[in-house]
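Just below is one structure, and these are the notes that go with it.
Nothing here was measured: the structure is a model prediction, and the numbers come from that model.
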Amino acid sequence: QVQLVESGGGLVQAGGSLRLSCAASGLTFSSYAMGWFRQAPGKEREFVATMRRSTYYADSVKGRFTISRDNAKNTVYLQMNSLKPEDTAVYYCAADRLVTMTRAYEYWGQGTQVTVSS
């Protein structure tokens, strides 16, 4: 049974930083692309970043967010710097065998709330 468990969300002031973590189990972690998505109230879930070996980012977070992974720990991270109020959303971790910036990921976590105050 595949499980993805996000952590690290919270409340931060604009300009601050947070690091999200996603611990995966039940899959061959190194074989999967790991992605981060987010969903703000009243909006569709949108792509943030993904990686297997190479990294890919949404234009809205390039230069501010960094995705990384530790295959020994079966964990993917999202370092978020220079946070803006518009980054407020529930952030989801996802896993798929293919690298994609669409929402077509096989497995999803439950999400962690990130709130950025102005």
Between side-chain atoms of residues 79-96 and protein atoms elsewhere (two or more places apart, or another chain), which donor-acceptor pairs fall under 3.5 Å?
unit_1 : atom_1 : unit_2 : atom_2 : d
Gln79  : NE2    : Asn81  : OD1    : 2.9
Asn81  : OD1    : Ser17  : OG     : 2.9
Asp87  : OD1    : Arg38  : NH1    : 2.9
Asp87  : OD1    : Arg64  : NH2    : 3.0
Asp87  : OD2    : Arg64  : NH1    : 2.7
Asp87  : OD2    : Arg64  : NH2    : 3.4
Asp87  : OD2    : Lys84  : N      : 2.8
Thr88  : OG1    : Pro85  : O      : 2.9
Thr88  : OG1    : Val116 : N      : 2.9
Thr88  : OG1    : Val116 : O      : 3.4
Tyr91  : OH     : Arg38  : NH1    : 2.9
Tyr91  : OH     : Asp87  : O      : 2.6
Asp96  : OD1    : Glu106 : N      : 2.9
Asp96  : OD2    : Leu98  : N      : 2.9

Could you state the interatomic distance from CE (Met101) to CD (Glu46), rounded to the nearest 0.5 Å?
->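 The distance works out to 13.5 Å.
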Measure the SG-CD distance between Cys22 and Glu6 for me, rounded to the nearest 0.5 Å.
->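 Interatomic distance, Cys22 SG to Glu6 CD, rounded to 0.5 Å: 5.0 Å.
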Listed once per pair and sorted, the ring-ring contact (aromatic ring centres under 6.0 Å, His included) pairs that draw on residues 20-50, sequence neighbours left out =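 Sorted pair list: Phe37-Phe47, Phe37-Tyr105, Phe37-Trp108.
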Within residues 52-77 or reaching into it, pairs that qualify as ring-ring contact (aromatic ring centres under 6.0 Å, His included) - sequence neighbours excluded |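 Non-adjacent pairs meeting ring-ring contact (aromatic ring centres under 6.0 Å, His included): zero.
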Return each pair, listed once, that meets salt bridge (Lys or Arg N to Asp or Glu O under 4.0 Å) where at least one residue sits in residues 7-24; pairs must be two or more places apart or across chains.
->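 Sorted pair list comes back empty.
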With the 4.5 Å side-chain cut-off for hydrophobic clustering, are Tyr107 and Leu78 part of the same group?
->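 Hydrophobic grouping puts Tyr107 with Leu78.
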Linking I/L/V/M/F/W/Y whenever any side-chain heavy atoms sit under 4.5 Å apart, do Met34 and Val2 land together?
->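 Cluster IDs for Met34 and Val2 match.
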Linking directly or through intermediates, with side-chain heavy atoms under 4.5 Å: list the remaining ILVMFWY members grouped with Leu11, chain and number order.
->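 Once heavy-atom contacts under 4.5 Å are chained together, Leu11 still belongs with nothing else.
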Quick one: list whatever passes side chain to side chain contact (heavy atoms under 4.5 Å, CB included) with Ser30, sequence neighbours left out.
->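 By the side chain to side chain contact (heavy atoms under 4.5 Å, CB included) rule, Ser30 matches Thr28, Asn71.
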Whether over 12 other heavy atoms sit under 6.0 Å from Met51 CE =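 Yes.
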Considering only heavy atoms from C-beta outward, does the side chain of Ile67 approach that of Val76 to under 4.5 Å?
->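 Of all side-chain heavy-atom pairs linking Val76 with Ile67, at least one is under 4.5 Å.
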